Protein chains: 2
Amino acid sequence: MDTLETRELKYFVTVAEELHFSRAAERLGIAQPPLSRAIQQLERRLGVRLLDRDRRGVTLTGAGQVLLDEARAILDSAEAAARRTRRAAASTNRLTLATKAGANHELLRKLLDAHAAEPDAAEIDVVLCGMGDQARMLRDGRADVAFMQRPFDALAGFDTEDVLTEQQVAVVPAAHPLAARTSLLMADLEDVPDLPVARWPRQDGTYEAGPGPEIHDLSQLAQLIALGHTMAVICASARSWLWGAHAAIPLTDSSPVTTVLAWPAHSRSRAVAALVRTAAQL
Amino acid sequence: MDTLETRELKYFVTVAEELHFSRAAERLGIAQPPLSRAIQQLERRLGVRLLDRDRRGVTLTGAGQVLLDEARAILDSAEAAARRTRRAAASTNRLTLATKAGANHELLRKLLDAHAAEPDAAEIDVVLCGMGDQARMLRDGRADVAFMQRPFDALAGFDTEDVLTEQQVAVVPAAHPLAARTSLLMADLEDVPDLPVARWPRQDGTYEAGPGPEIHDLSQLAQLIALGHTMAVICASARSWLWGAHAAIPLTDSSPVTTVLAWPAHSRSRAVAALVRTAAQL
DNA sequence: TGCGGTGATACCGGTGGGGTATGACAGCGA
DNA sequence: TCGCTGTCATACCCCACCGGTATCACCGCA
């Protein structure tokens, strides 16, 4: 049993996505017959039917669905491997840290300062990215470590080190009656007239249905709150980007949020290990 | 930038392991010159030097070390993908569950019974394996789900559902003075004359240094305790395999052990999801 | 019953992966 | 200093296989 070639997997994924040989071949930049042959060869090698070619189009079999998921993961890893290898060659003792734009300023500053004080510390490139992009960058190989938050971010497949746990606060327009309160309960935020709570993306990037606006980045959120269009629940440290038009009120019964430093599981990079050690001592 | 082929990666891993082109070629069943060429091509494609061919042998560069780790992971995933695909085709609505031999009898029974009561339940094949083999089987694609224990087992890369948390107990020979106690502290187990505490394998399969015997499976442990050669700390539910020659004494200050159901992250199998749902309701 | 469109088959040419033979070079013992 | 040995790289050849073109078999549909 010889091993699957990434070329074959790429072909298969494209066909599985298009469910159409000719279109898939076009996307791949090859002709349709070689593509048909490659898929047949893959099926023969596995001894498994991956696609049902019915006269009414192509559909995935159960096994094909399984292989589709696996193949996507493998292709991603292969690309990540190439990228990580190139980066390792280009820059020794240099790390890329990904973090959500706008959050954790203090924490980041503290970590960078503490790390710079270590002897032999790696240079750190900080990449600010959109919400939830950190996971992709880590998997991609475009970043070596990232700040992420539990329970919001998808941490499966990463090793993590807890750095900071904090309560959440409600941020409301300063002019709103709620701004006068000194503390709130989660229940107080439900069904406030004219002030729907903003909707954060879920781990898969989609949004729950609801009346509030969908949040893509924090400056957008700050703007919307200042305009009096919404309110939001954020973790306490993010207060740093609020201005006079906002009011932050502690939420006494909110679940705590833990900011973690995350890196690809099984990373053996000494530089990553050193940074994690520093973070653990904060 | 075209993508890395698994054939090239396999070649590279073999060379990196042997650090010797001729031996690697022999292991691969090809001649040495094509192997040299393949590695050169890989280096050219990545634009990165992976190996230093010094006159005193071959050594890995930093980038080579990175690629070695990545490539191993990719090759493992490729093999796992093939296996999972074949299994998906061979057996629809059938799951393989891996668990440590000898532990969790009650829990397993309860889960299987509850699952069998569900409508449309998948058949479950239970595979008993050695300690720590569950992770390998999940990664391999030889198992779909596994019982594992936190904090003992390496859970990185898996999704998990907590099933049961329990305290640990000390198991000592029934004839030993400690057997008369009704409870113990961890400190009580240190430096007991003639009764060194047994050593469990760590997550990587190695053993800490120490006087006690290295444990490979539970029946061996039971035997050794019955003979009065050692004592051990185990989680409470494992008492089921003790006999008259053993005494189990609660450890009031031991850290709790959580048995979890684990499965490969990103699994989309409906059968796994159904089993996990059942487990969550135990 | 032709027409458009599907994937499969037949056949062909060129790339490239594999083989053998040999080269270049360092270490080493006589 | 000179072979000798063992290393990896180079040169060259062959054929397997990937990809291309032409075509078939088959369906749905005017």
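Please read all numbers here as calculations on a predicted model, not as lab measurements. Chain identifiers are assigned alphabetically (A, B, ...) following the order of the sequence lines, protein sequences preceding nucleic acid strands; residue numbering begins at 1 within each chain. All values below come from the heavy atoms of this structure, side chains included, with hydrogens, waters and symmetry mates left out.
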Nucleotide nearest [X] when distance is taken to its side chain, options [options]:
X	options	answer
B:Tyr11	C:dG18, D:dC8, D:dT21	C:dG18
A:Pro33	C:dG19, D:dC8, C:dA8	C:dA8
B:Ala31	C:dG19, D:dG19, C:dT9	C:dG19

Quick check on [N]: is either OP1 or OP2 less than 4.0 Å from any side-chain nitrogen or oxygen of [X]?
X	N	value
B:Ser36	D:dA9	yes
A:Gln32	D:dG19	no
A:Arg7	D:dG19	yes
B:Ser22	D:dG6	no

Let me know the distance between [atom1] of [X] and [atom2] of [N], rounded to the nearest Å.
X	N	atom1	atom2	result
A:Asp52	C:dT6	CG	P	19 Å
B:Leu35	C:dG18	CG	C1'	12 Å
A:Arg53	D:dG28	CZ	P	18 Å
A:Gln40	D:dG19	CD	P	14 Å
B:Ile30	C:dG18	CD1	P	6 Å
A:Arg49	C:dG7	CZ	C1'	11 Å
A:Arg45	D:dC18	CZ	C1'	13 Å
A:Leu19	C:dT6	CG	P	14 Å

Checklist entry - About how many Å separate CZ of B:Phe21 and CD of B:Glu26, when rounded to the nearest 0.5 Å? => result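 So the gap between those two atoms works out to 15.5 Å.
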Checklist entry - How far does CZ of B:Phe158 sit from CZ of B:Arg139, to the nearest 0.5 angstrom? => result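 So the CZ of B:Phe158 and the CZ of B:Arg139 are separated by 4.0 Å.
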Next on the checklist: Show, in sequence, the C-alpha distance, side-chain angles and deciding distance for A:Asp125 and A:Arg94, and conclude whether the side-chain contact (heavy atoms from CB on, under 4.5 Å) test is met.
Outcome noted: CA-CA 7 Å; A:Asp125 301 315; A:Arg94 187 170 200 88; 3.0 Å; yes
Next on the checklist: Pairing donors with acceptors under 3.5 angstrom, does anything connect the side chains of A:Ser36 and A:Gln32?
Outcome noted: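 Side-chain D/A pair, A:Ser36 to A:Gln32: present.
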Next on the checklist: Salt bridge or not between A:Arg277 and A:Glu118? Use side-chain N to carboxylate O under 4.0 Å.
Outcome noted: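 Judged by the 4.0 Å cut-off on N to carboxylate O distance, A:Arg277 and A:Glu118 do not form a salt bridge.
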Checklist entry - DNA chain D: A:Ala38 or B:Arg23, which has the more 5' nearest nucleotide? => result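 Closer to the 5' end of DNA chain D: B:Arg23.
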Checklist entry - Which part of the nucleic acid, if any, lies within reach of A:Arg37 when heavy atoms closer than 4.0 Å are counted: base, sugar-phosphate only, or nothing? => result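 Base, at least one base atom sits under 4.0 Å.
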Checklist entry - Contact class for A:Gln41 vs. all strands (heavy atom < 4.0 Å): base, sugar-phosphate, or nothing? => result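 Sugar-phosphate: the residue A:Gln41, judged by heavy atoms under 4.0 Å, touches backbone atoms but no base.
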